[in-house]
Structure formats: C-alpha cells, structure tokens
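Notes follow the structure.
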Amino acid sequence: MSADPNKVSLKPWLLTLVVLSIAATYYLLHITYIPTNSDDAWTTSFAYSYFYHGELQDRVFGRPAGTLIAFGYSYAALQKIVLDVFGWSRSNAILLSTCLFFLSLPFWWQISRNFGCSKNASLLYVLLLPLWEPLFRIANTARPDACCLLLTAIAFFWAQRRKYVLAGLSAGIALEVHQMGALAFVLVGVHFLFDFFQRSKSKKKLLALVAFWGTGVVLGASYYLFLHFAYMGETFSSIDRMHDWGGNFIVSYFFMTKTFRHIPVLILIVASVMLAFRKGVVREYAEVFTVTLSVILFSLVFPRPNIYYSAYFFVFAVLIVAMVACRYRCETIFVLLFLCFTLPQYGYFYYRHRNFNMADFTASMQREVPDSCRTLVGPFNAWFAFKDRRFIGSLSDMIPEAAALVRKGPVCYLRRLDAEDSRDAIDDHFDFGRAQKIFDAGGYRFGLYSLSEKGH
C-alpha cells in the first residue's frame with residue numbers, strides 16, 4: 001500500500017471516472033437491468049398483501065413458505081413506510097434497495113479502516129463496490145438483500161467498536177429481514193474471537209466481552225422471536241426446505257451462468273489471494289482473510305444456489321483485491337482494466353433491454369385489461385398494475401388454485417407473444433383459445449385470453 005496510510009494518492013481524474021461510471025450505470029439500468037425479474041413483484045407483494053389485505057400466505061406466486069411468517073416483517077414494514085409516501089411502483093421499490101445499499105458504503109469504509117487498511121485501499125474499495133455485479137444486482141432489485149447487507153455491515157461495525165450488545169441486536173434484525181442475516185452472527189462471532197484472544201489482556205475485560213456479546217445475542221434472538229414466535233414451526237420447516245435446494249451460492253455465481261463470464265472475476269480474486277501471500281498481506285490482515293473464509297464455510301452449511309447471496313462474499317473479496325492492488329501500487333491500471341471489463345457488460349444489458357419501459361408497461365396493462373378481469377394470470381411484474389385484483393404470477397406453482405378459480409368464474413390470461421413462453425403449465429392444464437385483444441406494453445407484445453379447463 002502507499003507509504004503513508006493516511007494519504008490518498010488516487011488521481012482525481014480516476015475518481016471522477018469511477019463516480020461518473022457509477023452514476024451512468026445506475027441511471028441507465030434502473031429497472032432495465034433485469035426487466036422480467038420476478039423477485040421485484042414477489043417481495044413487494046408480501047408487504048402490500050399483508051398491510052392492505054391482511055394476507056400472510058403467498059397468494060400471488062404460490063411459494064410454499066408464508067410471505068412474512070418466518071422472515072421479513074421488518075423489511076415489509078420499511079417498504080410500507082417508504083412506498084406509502086412515494087408510491088407502490090416497481091421503480092420506487094428498487095430505489096429503496098439502491099438507497100439502502102449506498103447507505104451501507106460508509107460502514108464498509110469504516111470497517112475496512114478498522115481492519116487497518118490505508119485510506120487509499122478503503123477509498124478504492126468503496127468506490128468499486130457499487131460496480132461489482134453481485135453488489136449491483138442486489139442494489140437493483142426490490143428484494144431485501146440490500147437491507148440485510150446494510151444491517152450486517154452495521155452489526156460488524158459495532159463489533160469492531162466493541163459494542164457487542166448493539167452488534168447482536170443488529171444481527172438479530174438482519175436475520176429477521178432475511179435468512180442470510182444469520183451470517184451477521186457468524187461475522188460478529190469471528191471478530192469476537194479475534195478480540196477475545198488477541199486484544200484483551202485482563203480476565204475482567206474478557207468476562208465483560210463475553211457478557212456483552214451474550215447479551216447482544218439474546219437481544220437479537222428476542223427481536224426475532226418477538227415477531228415470529230407464533231410461527232416457529234414454519235421457521236424450522238423453512239430451514240429444512242433449504243436443504244432441498246442443494247448447491248452453493250458462491251459456486252453458482254461463478255459457474256452456473258450461461259457464458260461463464262464470471263470466471264475472469266474468480267481468476268482475479270484467486271490471483272489477489274496468491275499475491276497477498278507473497279507480499280505478507282495475509283499475515284498483516286489476518287482477520288480480513290478469516291472473515292472471508294467464514295463466508296465460504298457458511299456457504300457450505302447454507303445450501304442455497306441463489307446468486308444474490310454471493311454479495312456477502314464479494315464485500316470481503318473486493319476488499320482483498322483492493323488491498324493487493326494498493327500494495328503493488330497498481331491502482332490506476334487495475335481500475336482502468338476493471339472498468340474496461342465491467343462497463344461493456346452493463347452496456348450490453350442496456351442495449352438488450354433499452355426498449356423496455358416499466359411506466360408504459362404498467363399504464364398499458366391498466367388501460368388495456370378491462371375491469372371485468374377481476375382474476376388474472378400474467379407475467380410477474382404485471383402485479384404492479386393489478387395490486388388490488390386477484391392476481392396469479394406463477395401458474396406452475398398455482399395450478400390447483402388456478403383451476404378452482406377458473407371453475408368459479410372467468411380468469412383472464414396475459415401472455416407475452418414476442419418471446420418464448422416458459423409456462424408450459426398453461427398449455428398442459430388449460431385452454432385459452434384466440435386472443436380477445438393484442439396490445440403493446442413497455443416494449444413487449446401481449447395477448448389477452450380467457451382461461452378454461454381442458455375438456456370443458
């Protein structure tokens with residue numbers, strides 16, 4: 001790293017380039033990064049269905065777990081507070097996550113400084129975090145991951161300041177927001193062990209650390225139990241179902257994409273670790289590498305292949321990369337190569353989805369679908385247009401209920417016509433005849449049909 005750890009040697013033009021890249025990428029890919037992301041409607045429907053229709057079960061997408069029964073009440077309450085003010089649109093739901101992610105950056109800055117990183121490395125770290133795809137991904141979805149990551153950062157920040165009561169409480173809130181919040185307890189626990197064995201000298205101080213951390217764990221657990229004690233059976237069932245998924249979220253990120261475009265990132269991280277050994281960075285910053293290893297081990301006991309969770313690995317992996325780049329004094333070259341590798345990929349996503357317009361999508365749906373369609377089956381994000389109608393967004397999971405609804409009365413079906421439809425369950429279980437209406441919405445073409453059971 002630089003000779004003076006308190007001096008920033010990154011060139012102003014380079015900092016400006018990174019900031020402009022962040023601003024352009026987040027502006028241009030807001031919503032359009034993954035236009036058909038079902039998680040945006042799924043997560044937001046949890047809060048809306050509970051607070052406005054009193055429904056705890058997922059009646060929209062038919063997932064086996066209840067929406068807010070086992071996890072997520074805190075985030076749903078936050079969504080309600082914010083979206084009641086700014087509107088229950090997909091754009092606002094995603095912006096909430098974006099804001100929460102950027103709120104976490106000052107904590108990651110201070111965490112890196114508390115690790116002993118130079119200002120140069122810490123600045124490089126927090127400037128590049130928003131552009132690493134796993135972090136960009138959670139910042140551009142309505143899922144609770146950005147909120148959970150923020151709370152995880154807050155918990156670790158308090159632990160570094162030896163405020164273990166606050167650390168435990170923050171970790172408990174993170175766990176309530178999302179299952180991945182369990183990692184916050186692991187990370188705080190790792191720091192606690194470092195604190196316990198390396199920094200405390202007297203028995204009195206050791207006992208105080210244990211007491212404070214124990215109190216924090218109890219407070220965090222109490223927060224969760226206060227909100228979910230009546231549904232603990234469902235919580236344990238949700239944990240059991242995780243093992244049905246199998247897989248690993250770190251492995252999935254690097255190896256389960258169609259084009260293996262993440263392999264160069266894996267090579268960069270592995271190379272950084274190898275160079276860290278050569279320059280003594282591993283020994284000097286042992287805790288950084290230990291917490292990174294703890295995330296990897298956590299991924300082995302948390303068998304979910306969801307690539308969103310890889311963000312928890314990258315917040316520490318990126319720090320290692322930044323530390324090594326600064327130790328070898330190649331920050332400028334690294335940043336330029338990183339931007340040359342990353343920005344064209346984001347540019348491709350923008351070009352591919354440039355014609356999608358969510359506001360037009362929602363308005364066209366509301367305009368073209370008649371009020372007589374009180375029950376609808378359609379693309380996931382059509383939920384934002386029909387929040388107060390009976391809407392089913394994942395028919396493959398909801399066949400029995402959809403069949404029952406069809407028997408009771410007309411069910412309208414919105415089918416995208418300009419792309420291959422993945423819902424074969426429609427053709428297997430229902431007839432829908434000729435389109436009643438064909439219209440454009442947000443850059444896509446849809447047909448409106450009336451569903452009926454086969455043979456009726």
State which residues pass side chain to side chain contact (heavy atoms under 4.5 Å, CB included) with [X]; sequence neighbours excluded, sorted by chain then number.
X: R352; value: Y348
X: T44; value: Q79, L83, W88, A93, A142, W383, F384
X: S97; value: Y75, A146
X: S89; value: S91, N92

Can I get a per-line list of side-chain donor-acceptor pairs under 3.5 Å for residues 128-135, giving both atom names and the distance, sequence neighbours left out?
{"from": "E133", "atom 1": "OE1", "to": "Y253", "atom 2": "OH", "distance (Å)": "3.0"}
{"from": "E133", "atom 1": "OE1", "to": "H262", "atom 2": "NE2", "distance (Å)": "2.8"}
{"from": "E133", "atom 1": "OE2", "to": "Y33", "atom 2": "OH", "distance (Å)": "2.6"}
{"from": "E133", "atom 1": "OE2", "to": "R137", "atom 2": "NH2", "distance (Å)": "3.1"}
{"from": "E133", "atom 1": "OE2", "to": "R261", "atom 2": "NH2", "distance (Å)": "2.7"}

Partner residues of [X] under the ring pair (Phe, Tyr, Trp, His ring centres under 6.0 Å) criterion, sequence neighbours left out:
X: Y444; result: F356
X: F157; result: F107
X: F185; result: none

From CA spacing to verdict: side chain to side chain contact (heavy atoms under 4.5 Å, CB included), L337, F341: CA-CA 6 Å; L337 290 176; F341 173 75; over 6 Å; no

Residues E176 and H228: side-chain donor-acceptor under 3.5 angstrom: yes

Would one find more than 12 heavy atoms of other residues, nucleotides or ligands at under 6.0 Å from atom [atom1] of [X]?
X: K387; atom1: NZ; answer: yes
X: I333; atom1: CD1; answer: no
X: F212; atom1: CZ; answer: no

Residue pairs fulfilling side chain to side chain donor-acceptor pair (under 3.5 Å) with at least one residue in residues 288-302, sequence neighbours excluded: N248-S299

Ring centre gap for Y346 and F136 strictly below 6.0 Å: yes

Aromatic ring proximity, centroids under 6.0 angstrom, Y224 and F71: yes

Sequence-distant partners of [X], salt bridge (Lys or Arg N to Asp or Glu O under 4.0 Å), two or more places apart:
X: K80; result: D84
X: D440; result: R445
X: R90; result: D40

Spacing of I94 atom CD1 and L29 atom CG [to the nearest 0.5 Å]: 11.0 Å

Ring-face cation of R143 near Y308 (centre distance under 6.0 Å, axis angle within 45°): yes

Six-ring centre of Y351, R354 cation under 6.0 angstrom, axis tolerance 45°: yes

